[in-house]
Student: 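Pasting a structure below so you can have a look.
All values reported here derive from a predicted model rather than from experimental measurement. Computed over heavy atoms, backbone and side chain alike; hydrogens, waters and symmetry mates excluded.
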Amino acid sequence: MVLLRELLGETLRRRRRAQKRTLRDVSKQANVSLGYLSEIERGHKEPSSELLASVCGALQVRLSEVLAEVSREVAVHERGEAAPQGRQVAVLPRPRELETQEEVARRRRALSAAPASIAQVRSRHRRGEVTDSVVRAAA
C-alpha cells in the first residue's frame, strides 16, 4: 500500500530525474538539506507546504502540476482501476467526525491494547492505528 507522501516523493523524484539533475543540486537550490530531500523523495517524510513550494521552485515546476499528478493517481485508485506501475494507493481514513460507532470502538480498542515492543508500535503505526507521537514516546 502506498501513502500520499510516497506518491508525492515519487513524483518529485521523477520530475528531478527527467531534468537529469542531482539531489544535491536541487537541495542546494531549494535550500533544503540533502538528507531531508532524500527522505521526502523516498516517501519517509511529509514536506510542509512551504518546503514543497521551495522544491517545486527549484525544479521549475508548478506546485499545482505536482499536486494534480498525485491527485490523478489517487483518483485512479478510488475508481477501482489498476494503479499505475502495479502499485496500490492508500485512501486516507475518514475524518473522525464521520466515523461510525463501530469504527470509534475499534480505534479505542486498538489504542488501549498495550504493545509489548517498539516493533509492535511501529506495526500499528503502519496500519494507521497510532500516531507519530505514540511511536516517539514508545522509542
Student: Look up atom OG in S27 and atom CG in L34, then write down how far apart they are to the nearest 0.5 Å.
Tutor: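 Output value for this atom pair is 4.5 Å.
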Student: Checking R21 now: which residues fulfil salt bridge (charged side-chain N to carboxylate O under 4.0 Å, His left out) with it, not counting sequence neighbours?
Tutor: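 Residues passing salt bridge (charged side-chain N to carboxylate O under 4.0 Å, His left out) with R21: D25.
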Student: Would you compute the distance between atom CD of E46 and atom CD1 of I40 and round it to the nearest 0.5 angstrom?
Tutor: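 Rounded to the nearest 0.5 Å, the CD-CD1 separation comes to 10.0 Å.
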Student: Mind checking salt bridge (charged side-chain N to carboxylate O under 4.0 Å, His left out) for R15 and listing every partner two or more places apart, or none if nothing turns up?
Tutor: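 For R15, the residues satisfying salt bridge (charged side-chain N to carboxylate O under 4.0 Å, His left out) (neighbours in sequence not counted) are E65, E69.
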Student: Please list, chain by chain and in numerical order, all residues satisfying side-chain hydrogen bond (donor to acceptor under 3.5 Å, both in side chains) with T11, sequence neighbours excluded.
Tutor: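 With sequence neighbours excluded, T11 shows a side-chain hydrogen bond (donor to acceptor under 3.5 Å, both in side chains) to R14, given in chain and number order.
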Student: Is there a side chain to side chain contact (heavy atoms under 4.5 Å, CB included) between R16 and E41 once you walk through the steps?
Tutor: CA-CA 10 Å; R16 178 180 59 79; E41 282 193 357; 2.8 Å; yes
Student: Taking side-chain hydrogen bond (donor to acceptor under 3.5 Å, both in side chains) as the definition, give me every residue that meets it alongside R5, ordered by chain and number, with sequence neighbours left out.
Tutor: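 R5 satisfies side-chain hydrogen bond (donor to acceptor under 3.5 Å, both in side chains) with no residue once adjacent residues are dropped.
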Student: Which pairs, with at least one residue in residues 30-39 and sequence neighbours excluded, count as a side chain to side chain donor-acceptor pair (under 3.5 Å)?
Tutor: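 Applying side chain to side chain donor-acceptor pair (under 3.5 Å) to every pair that reaches into residues 30-39, excluding sequence neighbours, yields S38-R42, E39-R42.
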Student: How long is the straight-line distance from NZ of K28 back to OG1 of T22, given to the nearest 0.5 Å?
Tutor: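 T22 OG1 to K28 NZ: 8.0 Å, rounded to 0.5 Å.
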Student: Show me the donor-acceptor pairs, under 3.5 Å and distance only, between side chains in residues 48-63 and residues at least two apart or in other chains.
Tutor:
unit_1 : atom_1 : unit_2 : atom_2 : d
S48    : OG     : L51    : N      : 3.1
S54    : OG     : A30    : O      : 2.5

Student: What is the distance from atom CG of L67 to atom CG of L7, rounded to the nearest 0.5 Å?
Tutor: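 Taking CG in L67 and CG in L7, the distance rounds to 11.5 Å.
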Student: If only atom types and distance count, is the side chain of Q29 paired as donor or acceptor with the main-chain N or O of V26 below 3.5 Å?
Tutor: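 Not at all, since once roles are kept as given, no pair shorter than 3.5 Å links the two residues.
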